[in-house]
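All remarks here apply to the structure that follows.
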Number of protein chains: 2
Amino acid sequence: MATRTRQSQRRRQMLTRERIVETAVELLDASGDGALTVRALTTRLGTGPGAIYWHIGNMDELLDAAADAVITAALTTPRDEAAATQPDEAATAQPDGAAATHPDRAAATPQDEIRAVALGLFDAIAEHPWLATQLALQITRNPWGPVTLRIFESIGRPVSTLGVPQADWFTTTSTLVHYILGATAQTSQSDETATQTEAGRAEFLATASKAWRDLDPDEYPFMRAIADQMREHDDREQFLTGINLVLTGITTHHQPPTDP
Amino acid sequence: MATRTRQSQRRRQMLTRERIVETAVELLDASGDGALTVRALTTRLGTGPGAIYWHIGNMDELLDAAADAVITAALTTPRDEAAATQPDEAATAQPDGAAATHPDRAAATPQDEIRAVALGLFDAIAEHPWLATQLALQITRNPWGPVTLRIFESIGRPVSTLGVPQADWFTTTSTLVHYILGATAQTSQSDETATQTEAGRAEFLATASKAWRDLDPDEYPFMRAIADQMREHDDREQFLTGINLVLTGITTHHQPPTDP
DNA sequence: ACCTGAACACCGTTCAAGT
DNA sequence: ACCTGAACACCGTTCAAGT
């Protein structure tokens with residue numbers, strides 16, 4: 001039968017840590033957060049649990065490795081891909097002021113580079129929704145693990161050419177990274193299936209908007225006031241605006257306007 | 001024996017959803033993230049699992065309720081407490097520009113109110129470390145759940161009196177909230193025990209700083225460059241600086257300086 | 001309506017035993 | 001050195017049965 005040959009084929013290639021991490025990412029991509037179990041791995045790899053545990057210490061380590069692999073790819077990928085991965089959406093959803101997404105070679109300005117890295121992370125999480133949860137967990141449990149380090153380095157590099165005094169590099173970069181992580185955490189997607197199509201997303205926004213307007217006026221006056229903006233907003237655009245807001249804060253804090 | 005009487009005492013007061021949530025918070029505070037199990041609840045409440053599931057739908061719902069309870073308390077608490085909860089630290093660690101922590105009545109300026117709410121969340125997470133993980137999980141799994149709503153409302157209210165056009169309220173508030181959530185997620189504490197004492201924290205910072213300096217110079221030039229700042233930084237102070245940076249970005253973006 | 005407690009399905013992890 | 005597979009401890013959750 002086909003099953004037997006596929007299994008033996010799988011068995012034929014040797015089991016490595018790399019192959020386990022690869023399969024873990026596949027499982028997570030295919031079926032989301034709860035799908036990565038040792039047993040799912042063993043059936044897909046045609047082995048037993050002991051084989052897995054020979055190569056990886058435990059489940060958390062594997063989750064870390066999977067997240068690290070995807071994040072590293074997202075951060076080292078040529079920046080153009082970030083915009084190219086979502087072809088149809090990019091055309092409609094991408095508004096003005098997103099010139100950063102198409103630098104032909106090296107980024108033009110540090111700001112462009114920061115925007116490009118941020119969008120790279122944003123898009124990576126859009127492609128791998130489990131990453132949002134995983135990033136959040138890693139950052140709380142191991143705040144200076146390899147993933148956080150890589151993100152800090154990627155954002156910090158352009159920050160260091162931004163003109164802020166070196167003494168402020170750490171705090172400045174932290175502010176940017178923390179915003180990026182907070183924003184991507186919430187933006188991942190509310191309902192994995194409903195948000196896939198454009199119509200489904202519109203419906204979701206309309207529902208949420210209506211829910212906000214129906215809130216208690218005494219307890220939630222602000223949320224009611226912005227219910228309309230909720231319906232009309234675009235996550236990616238809002239994310240970029242936030243980046244620009246923080247960048248404005250950083251630069252104006254350090255270099256008061258030279259022209260009167 | 002004492003055990004028997006205590007148990008029957010517990011049994012005597014009726015089991016309510018509220019009492020279950022209360023006990024859940026106690027367990028989480030006492031022993032952290034993994035300590036909240038149905039069985040731990042049953043022994044502590046002197047019941048069986050069936051009794052628990054009569055009052056709460058499932059474990060996730062209980063976790064949500066626990067987080068909601070603590071967050072709500074942190075957001076409605078008179079702002080003074082935020083500074084008062086960490087008496088000795090507040091004296092040393094609190095630098096300049098933190099006048100916001102002691103408004104005698106209503107906050108003086110919107111900025112002060114925003115800082116006060118943010119610090120309230122920061123301190124709540126410092127007191128309940130499991131909140132960091134829980135907040136991160138909730139925001140990714142249910143981006144517009146009650147907890148997020150409450151935080152948005154608390155930040156959005158002062159934002160609406162900041163002078164930015166109403167059309168930008170949602171995006172502006174999002175930027176602030178996302179920064180706050182990202183920052184508090186990472187800041188919770190690296191090693192729960194080691195960071196409790198001042199000496200332990202200093203040692204942790206020194207170790208991390210040294211680790212950064214020992215990184216690969218080609219891969220991590222930036223992290224190496226800021227290793228010193230890591231050793232000397234204070235989380236709370238850095239958090240406040242980040243808030244101020246974002247606030248600067250918001251206000252300068254909307255009201256160009258009127259004086260030349 | 002509210003609670004009991006045994007039972008179920010499903011985890012991650014271990015480890016003697018094989019090759 | 002690398003893998004097998006049964007076994008263990010521990011989860012969340014259900015449900016017939018009681019009061």
Side-chain angles (χ1 to χ4, degrees), chain A residues 3-4 6-28 30-67 130 133-134 137-138 141-142, chain B residues 3-4 6-28 30-67 130 133-134 137-138 141-142:
Chain A
T3 317
R4 179 116 48 98
R6 293 202 76 193
Q7 271 221 0
S8 46
Q9 235 179 334
R10 284 212 180 89
R11 240 183 248 268
R12 213 170 304 281
Q13 30 179 331
M14 63 192 172
L15 193 61
T16 62
R17 188 191 147 96
E18 203 179 27
R19 208 156 80 83
I20 295 174
V21 173
E22 224 169 77
T23 310
V25 173
E26 285 172 25
L27 282 170
L28 290 164
S31 316
D33 236 320
L36 180 57
T37 69
V38 174
R39 274 167 250 266
L41 272 176
T42 57
T43 60
R44 212 172 152 113
L45 288 167
T47 44
I52 305 278
Y53 280 92
W54 175 260
H55 292 278
I56 64 147
N58 58 40
M59 207 56 189
D60 275 357
E61 188 189 313
L62 178 55
L63 247 352
D64 286 3
W130 53 272
T133 308
Q134 208 45 42
L137 283 180
Q138 274 197 240
R141 295 218 243 261
N142 184 15
Chain B
T3 316
R4 180 115 49 100
R6 294 202 75 194
Q7 271 221 358
S8 46
Q9 234 180 336
R10 285 211 180 91
R11 240 183 248 266
R12 211 171 305 280
Q13 29 180 330
M14 62 192 173
L15 191 60
T16 62
R17 187 191 148 97
E18 202 180 28
R19 209 157 79 83
I20 295 175
V21 173
E22 224 169 77
T23 311
V25 172
E26 285 172 26
L27 282 169
L28 289 164
S31 316
D33 237 320
L36 180 58
T37 68
V38 175
R39 272 166 252 266
L41 273 175
T42 58
T43 60
R44 212 173 152 112
L45 288 167
T47 44
I52 306 278
Y53 280 92
W54 175 261
H55 292 278
I56 63 148
N58 57 41
M59 207 56 189
D60 275 357
E61 188 188 314
L62 178 55
L63 246 352
D64 285 3
W130 53 272
T133 308
Q134 207 46 42
L137 283 180
Q138 276 198 238
R141 294 217 244 260
N142 185 14

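The model shown is predicted, which means the values in this text are computed figures rather than measured ones. Naming: A, B, ... by sequence-line order, numbering from 1 per chain.
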Measure from [atom1] on [X] to [atom2] on [N] and round the result to the nearest Å.
| X | N | atom1 | atom2 | value |
| --- | --- | --- | --- | --- |
| Y53(A) | dA7(D) | OH | P | 19 Å |
| M59(B) | dC11(C) | CE | P | 18 Å |
| M14(B) | dT19(D) | CE | C1' | 18 Å |
| L63(B) | dC11(D) | CG | C1' | 14 Å |
| L27(B) | dC11(D) | CG | C1' | 15 Å |
| R19(B) | dC3(C) | CZ | P | 9 Å |
| L41(B) | dT13(D) | CG | C1' | 14 Å |
| W54(B) | dT14(D) | CH2 | C1' | 14 Å |

Assess whether side-chain contact (heavy atoms from CB on, under 4.5 Å) is satisfied between Q134(B) and L28(B), documenting all intermediate values. CA-CA 11 Å; Q134(B) 207 46 42; L28(B) 289 164; over 6 Å; no

Does [X] reach the side chain of [Y], with side-chain heavy atoms less than 4.5 Å apart?
| X | Y | value |
| --- | --- | --- |
| Y53(B) | V38(B) | yes |
| E26(B) | R44(B) | yes |
| V25(B) | W130(B) | yes |
| E61(A) | R17(A) | yes |

Side chain of [X] (C-beta onward), nearest among [options]:
| X | options | value |
| --- | --- | --- |
| T37(B) | dA1(C), dC11(C), dG12(D) | dG12(D) |
| N58(A) | dT13(D), dT13(C), dT4(C) | dT13(C) |
| P49(A) | dC11(C), dA6(D), dT4(C) | dA6(D) |

Check whether any side-chain nitrogen or oxygen of H55(A) sits under 4.0 Å from OP1 or OP2 of dA1(D), and answer yes or no.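 No, no such contact exists.
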
Heavy-atom nearest nucleotide on DNA chain C for G57(A) versus T16(B): which residue maps closer to 5'?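 Nearest-nucleotide comparison on DNA chain C picks T16(B).
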
Any strand is fair game: report the nucleotide pairing with dT13(C) by Watson-Crick or G-U wobble, both distances under 3.5 Å, or none.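 In the structure as shown, dT13(C) has dA7(D) as its Watson-Crick or wobble partner.
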
Pick the nucleotide of DNA chain D nearest each of I52(A) and R39(A); which residue has the one closer to the 5' end?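 Per heavy-atom nearest nucleotide, the more 5' residue is I52(A).
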
Under 4.0 Å, heavy atoms only, any strand: does L36(B) hit a base, just the sugar-phosphate, or nothing?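 Result for L36(B) = sugar-phosphate.
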
